[in-house]
Amino acid sequence: SITSCRVASGVWQIGTMAFNSCQNLKTVVLPDTLTVMDGAPFYHCDALRMIVFEGTMAEWEQIEKSESCIPKQTVVRCLDGEIPMAEVNE
């Protein structure tokens, strides 16, 4: 069972339910080339606690995504700070 995953540099889109039900997934590393996250790519990823985004907080905000596409227990760590999803999803 996978506990961490690194999405390759150059990937610009993550599709709906891409990581659906990866129950043991705790950490995901996303490249700064990412521009779109469709639907709920981390649906039923209840253990997910950290997304490491290889860009800045401003670049993270520019990604086309729904507010609820990241589970609320998750923190997004960018080069220049962290974004707790619990605060975003309130």
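Every heavy atom of this structure was used, including side-chain atoms; hydrogens, water molecules and symmetry mates were not.
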Item to complete: Considering non-hydrogen atoms only, spot the tightest contact between I63 and V36 and give its length.
Response: CG2-N, 4.0 Å

Worksheet item: If you measure from the Lys or Arg side-chain nitrogens to the Asp or Glu carboxylate oxygens, is any gap between E54 and R6 under 4.0 Å?
Response: yes

Item to complete: Verify the cluster assignment for M50 and V29: are they in a single hydrophobic cluster under the rule of side-chain heavy atoms below 4.5 Å apart?
Response: yes

Item to complete: State, yes or no, whether a side-chain contact exists between V75 and R49 at a heavy-atom distance under 4.5 Å.
Response: no

Worksheet item: Are V76 and M57 close enough that some pair of their side-chain heavy atoms sits under 4.5 Å apart?
Response: no

Show me, pair by pair, the donor-acceptor contacts under 3.5 angstrom made by side chains of residues 18-28, not counting sequence neighbours?
{"residue": "Q23", "atom": "NE2", "partner": "H44", "partner atom": "O", "Å": "2.8"}
{"residue": "N24", "atom": "ND2", "partner": "S1", "partner atom": "OG", "Å": "3.0"}

Worksheet item: Measuring from F42:CZ to T74:OG1, what's the distance to the nearest 0.5 Å?
Response: 8.0 Å

Worksheet item: So how far is it from D32 CG to L79 CG, rounded to the nearest 0.5 Å?
Response: 7.5 Å

Donor-acceptor pair, distance only, cut-off 3.5 Å: does the side chain of [X] make one with the backbone of [Y]?
X	Y	result
E59	T56	yes
Q73	D46	yes
K65	I70	no

Which atom pairs, one a donor and one an acceptor, fall under 3.5 Å between side chains of residues 8-17 and the rest of the protein, sequence neighbours left out?
{"residue": "Q13", "atom": "NE2", "partner": "D38", "partner atom": "OD2", "Å": "2.5"}

